[in-house]
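In what follows, chains carry the letters A, B, and so on, assigned in the order in which the sequence lines appear, proteins first and then strands, with residues in each chain numbered from 1. As the structure is a computational prediction, the values presented were derived from the model and not from experiment.
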Amino acid sequence: MAAWTDISGIRQKIADSSAEEVTASYIDIIGKSKINGFTTLWDEAINVARDIDANSHDGPLAGVPIAIKENISTKGISTTCSSKILQGYVPPYDAHVIERLKEAGAVILGKTNMDEFAMGTSTESSYYGPTLNPWDPSRVPGGSSGGSAAVVAAGEAPVSLGSDTGGSVRCPAAFCGTVGLKPTYGCISRYGLISYANSLEQIGPLATNVADIAAIMEVVAGHDPRDSTSINKENTYIDALAEGVEGMRIGVPEEYLSHGIDEKVEKLVWDSIHTFEDLGASYENVSLPHTRYALAAYYIIAMSEASSNLARFDGTRYGFCAEGDNWHLMASKTRAEGFGAEVKRRILLGTYALSAGYQDKYYLKALKVRTLVKQDFERALANVDVLMGPTMPTPAFRIGEKIGDPLSLYMSDVNTVPINLAGVPSISVPCGFADNMPVGLQITGTHFDEKTIMKAAYNFEQNTEHHKKRPPEVA
Amino acid sequence: MVYDNPDDVKIGLEVHVQLNKLKTKLFCGCSTDYHNSDPNSHVCPVCLGLPGSLPVINERAVEFAIKIGLALNCSIVEQTQFHRKNYYYPDLPKGFQTTQYDYPIAGNGKIVIEGEDGERVIRITRAHMEEDPGRLQHIGNIERSKGTLINYNRSGMALIEIVSEPDMRSPKEARRYLDKLRSILDYLDVFNGDLEGAMRVDANVSVFNGQRVEVKNISSFKGAERALLYEIMRQKNHIRRGGTITMETRHFDEARGVTLSMRTKEEEHDYRYFPEPDLVPLRVADRVPEVIKTLPELPDAKKERFMKEYNIADMHARALTIEIKVANFYEEVVSKVDPKVAAVWVADILKGELNYRDLTIDAFRVEDIVDVMELVIANSITEQSGVEIIRTVLDHGGKPQDIINKKGLLKVEDNIVAKAVEEAIAQNPEAVADYRAGKEKSLNFIVGKVMQKTKGRADAREARERLIEKLKE
């Protein structure tokens with residue numbers, strides 16, 4: 001069984017053999033994994049595949065195996081956000097996206113590793129230990145959806161779901177050489193996604209190619225009455241891919257190619273833009289002047305929301321529970337022992353930013369910056385169709401390299417977080433290699449115009465070879 | 001006479017009203033009908049605050065809130081928003097309460113109460129929507145409890161918190177305010193006040209323009225009056241002994257009738273309010289015209305109408321309109337009998353008997369009170385018998401006619417009395433002659449004969465008058 005198979009290849013295999021055989025082959029590959037991408041395998045997966053065969057399920061994803069990030073609720077499968085505090089928690093309900101995937105016939109293989117509560121850029125803060133980058137096991141896979149990207153890159157799952165609060169799908173997609181989409185805020189229901197920063201995050205798919213991203217989107221996107229922030233928009237994505245990019249206007253934000261960017265990465269981005277020129281598109285330099293404030297605003301908003309979202313983990317109802325002589329002691333000890341250092345840091349900072357006397361200075365000011373950042377995008381995208389730049393300023397760094405220096409780790413999110421502040425859609429596609437590590441091109445569009453960025457990504461992919469290269473050891 | 005408020009008492013009330021007439025909770029589809037159910041049987045991922053669950057606003061709750069705001073003469077905000085109030089407590093499954101902060105759905109209202117010195121306007125600061133937490137149940141008493149159980153059935157129930165200005169000057173005025181509020185809410189049919197925890201009161205009190213003290217954990221209107229009486233006395237005594245009142249939160253111990261300090265201002269929570277990201281701001285202004293159409297006639301308007309339409313006294317009209325059920329009962333009655341007589345019978349007599357027995361108007365049938373009044377008006381029974389029939393119905397049940405027959409309450413008919421009078425005159429010529437000769441006492445003898453003949457069922461005074469008339473001939 002060849003890894004790196006796309007959905008159409010899998011469907012062909014199912015037609016030739018069976019969904020059960022396909023699922024079994026993935027379980028076999030995962031069994032030999034050395035990257036620690038999966039946290040839990042679902043013991044029902046093979047039975048689900050059997051049922052698909054038995055019922056000749058004709059859903060759009062019938063028999064297609066998929067990996068799910070640890071923070072998306074799956075009925076009957078442990079969902080822990082890779083945190084000690086949620087050890088033992090098994091959700092009694094499925095997230096909206098899981099319901100949709102099951103209806104479409106997808107087979108959930110299991111759950112994937114992540115930074116604890118999605119707070120990180122490297123998947124190093126997981127309670128289950130770091131996930132390794134399939135291209136170089138001494139390097140991080142990116143984060144926070146590091147497991148979801150790494151298992152796809154390693155051929156342990158053809159597609160996966162991650163979540164993107166400030167780059168958590170796009171960063172690991174770039175670091176692992178896969179495609180990853182952060183949809184427009186409101187495009188996919190968040191019902192069942194365990195909140196880190198709920199005004200910023202979206203569930204997003206990861207895959208080896210753009211067409212598979214479109215296929216997953218057609219299943220999971222759309223309105224859900226259980227999420228008041230989800231919006232009812234037409235969600236056909238596959239048909240638009242085949243259209244060309246002639247006449248497409250590309251904006252290149254100067255701020256995304258300024259200080260801190262790796263020279264090789266910068267060159268790959270320009271090479272990519274020239275490829276688009278060859279395909280009939282044109283580019284111009286644009287400016288997103290408030291980018292320099294975006295990172296600070298992002299972290300203040302995310303941490304503030306997190307400080308409230310994570311308050312429910314007190315050991316009373318589910319998950320890890322420490323002993324204490326009274327409820328307050330029990331809850332305090334549970335939180336002291338159950339949360340890792342980065343999570344505690346963000347809860348404390350967020351609590352501070354929301355406190356009386358400081359809220360004006362931090363949280364409310366950050367909301368104002370957010371409005372300015374949003375206006376930057378509106379202005380820039382009024383004159384161009386898409387924005388392009390590097391997803392990450394560097395290729396994947398080494399495990400342990402930045403974990404002791406939170407600020408430098410936060411700095412690596414500089415190109416991804418403004419997009420979450422603005423709520424616009426953005427996709428990362430492989431655009432080459434620097435020092436033998438994959439590099440991602442980030443393509444950003446206007447609200448609910450996933451089609452245009454996916455079309456751009458698809459055309460780029462069809463005219464380049466980067467996405468066909470596989471990590472060593474992966475067949 | 002003007003009430004001069006000698007201690008400069010200022011009372012403001014925060015009343016939590018549970019909208020238990022909604023079918024579902026504020027942010028999820030769980031049923032609100034949990035009062036006789038097993039613990040934690042009316043819960044779902046949303047009201048249990050399970051990771052990943054999201055709230056969705058109950059539109060009917062928004063309508064109810066608008067309705068309440070309008071009935072309290074509030075202005076309804078253009079666009080409302082929910083905020084998170086962050087604090088830790090085991091009955092709060094998300095670690096924050098979803099409530100409203102700077103965009104409450106309604107504000108700047110007023111209600112009129114019967115104050116110490118006539119009508120008094122109590123200003124309503126705001127009315128906002130929020131979710132109810134779960135309930136803790138301590139095994140044993142709270143101080144020496146071996147354990148605590150949590151029941152989340154109540155978690156996520158829709159509440160309206162109605163906050164008044166400190167416009168009340170005595171516990172009595174506070175009680176009147178609560179009664180009036182309850183009356184208006186009953187009219188709106190948004191809640192059942194008889195269910196446990198349907199209305200909960202926190203009070204803010206100050207004396208002599210001092211700092212205010214908040215008293216929590218008041219579970220009844222009677223309790224509110226007692227808690228306020230105690231707290232005012234405590235503050236006055238404290239000041240008399242040279243102390244000063246500082247801002248604090250106190251807990252009302254209902255069993256002992258005292259308030260106990262919970263926390264001082266320094267220990268107050270910082271709730272870190274911020275907008276709930278999972279609920280988008282909600283435009284409500286457009287809904288107001290539709291809701292206005294559903295507003296019923298409210299107590300004050302109904303009172304005015306009763307006075308005009310039925311020509312009854314202010315006091316009667318007020319008594320008849322406090323409770324919507326009583327008002328409806330009265331209007332059914334007046335379709336059959338004279339409104340003024342009905343006002344006396346319903347407002348004074350029937351309500352008095354019901355209050356004495358702690359019963360509501362549901363305990364009496366419209367047709368029964370109509371029967372009683374018709375018999376009294378027709379002079380078939382005495383007023384006293386009418387009251388006796390009402391008491392018997394309330395205490396033992398039965399229909400008025402059966403009670404009359406059983407107890408022989410019917411007054412003897414006129415012709416029987418007339419006949420007895422004629423016979424008594426004819427058969428006692430000596431006594432008649434004596435009376436005519438000026439012996440007043442002889443009349444008593446003849447009256448006694450009439451009573452004998454009617455077996456005591458004639459009215460003695462009536463018999464006497466008839467005899468006097470007859471003997472003049």
Side-chain angles (χ1 to χ4, degrees), chain A residues 71-73 79-81 86 89 91-96 186 189-195 197-201 224-231 301 304-305 307-314 316-319 326-328 330-332 335 350-359 363-364 367, chain B residues 27-29 40 43-59 81-98 101-102 134 136 138 142-143 145-152 155 268-282:
Chain A
N71 61 352
I72 298 172
S73 301
T79 301
T80 68
C81 293
L86 274 170
Y89 172 63
Y93 75 105
D94 274 330
H96 177 77
S189 168
R190 290 181 293 112
Y191 189 77
L193 170 68
I194 300 181
S195 299
N198 30 1
S199 78
L200 297 162
E201 60 210 6
D224 170 16
R226 294 169 299 186
D227 176 0
S228 308
T229 64
S230 82
I231 287 165
I301 292 168
S304 296
E305 291 179 6
S307 72
S308 175
N309 288 328
L310 271 59
R312 71 189 66 198
F313 304 109
D314 56 20
T316 306
R317 291 159 298 274
Y318 44 78
N326 59 46
W327 184 81
H328 285 277
M330 182 275 283
S332 301
R335 293 170 67 79
T351 304
Y352 179 77
L354 282 178
S355 297
Y358 299 97
Q359 199 176 99
Y363 178 72
L364 295 177
L367 290 186
Chain B
F27 297 125
C28 64
N40 299 311
V43 292
C44 73
V46 176
C47 58
L48 277 179
L50 289 188
S53 64
L54 299 172
V56 176
I57 183 80
N58 179 337
E59 290 208 29
Q81 191 171 22
F82 285 88
H83 273 65
R84 290 183 179 185
K85 180 180 181 179
N86 295 285
Y87 66 97
Y88 289 98
Y89 209 63
D91 63 8
L92 201 62
K94 294 179 292 183
F96 59 82
Q97 181 189 33
T98 307
Y101 185 56
D102 45 8
L136 299 186
H138 303 285
I142 190 164
E143 275 134 26
S145 179
K146 285 207 177 85
T148 302
L149 301 168
I150 318 176
N151 182 353
Y152 290 106
S155 174
E268 284 292 324
H269 295 296
D270 174 0
Y271 291 118
R272 308 192 309 280
Y273 284 97
F274 77 103
E276 167 58 87
D278 292 329
L279 291 167
V280 290
L282 190 70

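For A/Ala95, no part sits under 4.5 Å from any heavy atom of chain B, backbone or side chain. Only the side chain of B/Phe96 comes within contact range of chain A, judged by heavy atoms closer than 4.5 Å. Contact annotation for B/Pro93: both backbone and side-chain heavy atoms come within less than 4.5 Å of a heavy atom of chain A. When heavy atoms are compared at a cutoff of 4.5 Å, A/Ser73 approaches chain B solely by way of its side chain, counted from C-beta outward. Heavy atoms closer than 4.5 Å to chain A are found in the backbone of B/Tyr273, but not in its side chain. At a 4.5 Å heavy-atom cutoff, the contact between A/Tyr363 and chain B is made by side-chain atoms alone. Looking at A/Ser308, both its backbone and its side chain come within 4.5 Å of chain B, counting heavy atoms on both sides. For A/Asn309, the parts lying near chain B are the backbone and the side chain together; criterion is any non-hydrogen pair under 4.5 Å.
Counting non-hydrogen atoms of neighbouring residues, nucleotides and ligands closer than 6.0 angstrom, the OH atom of B/Tyr88 exceeds 12 such neighbours. Residue-environment remark: OH (B/Tyr89) stays at or below the threshold of 12 foreign heavy atoms within 6.0 Å.
Ranking A/Gln359, A/Arg317, A/His328 against chain B, the residue ahead of the rest is A/Arg317, based on heavy-atom pairs under 4.5 Å. Residue with the most contacts toward chain B among A/Ser199, A/Pro92, A/Gly357, A/Ala356: A/Ala356 (heavy-atom pairs, distance under 4.5 Å). With respect to chain A, the highest number of heavy-atom pairs below 4.5 Å among B/Cys44, B/Gly29, B/Pro51 belongs to B/Pro51. Each of B/Leu279, B/Ile150, B/Leu54, B/Ile57 has some count of heavy-atom pairs under 4.5 Å with chain A, and the biggest count is that of B/Leu54. Among the candidates B/Asp278, B/Leu48, B/Leu92, the residue making the largest number of heavy-atom pairs closer than 4.5 Å to chain A is B/Asp278.
Of all non-hydrogen atoms in A/Pro91 and A/Thr79, the two that sit nearest each other are CG-OG1, 3.3 Å.
Considering only residues two or more places apart in sequence or on other chains, A/Ser230 meets the side chain to side chain donor-acceptor pair (under 3.5 Å) condition with A/His223. Partners of B/Asp102 by side chain to side chain contact (heavy atoms under 4.5 Å, CB included), not counting sequence neighbours, listed by chain and number: B/His83.
In this structure, CG on A/Leu310 lies 7.5 Å from SG on A/Cys81, to the nearest 0.5 angstrom.
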Walk me through it: do A/Tyr191 and B/Val46 pass the test side chain to side chain contact (heavy atoms under 4.5 Å, CB included)? CA-CA 10 Å; A/Tyr191 189 77; B/Val46 176; 4.0 Å; yes
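A side-chain donor-acceptor contact under 3.5 Å links A/Ser189 and A/Asp224.
Using bins of under 30°, 30° to 60° and over 60° for the plane-to-plane angle, the ring pair A/Phe313/A/Tyr318 lands in the perpendicular bin.
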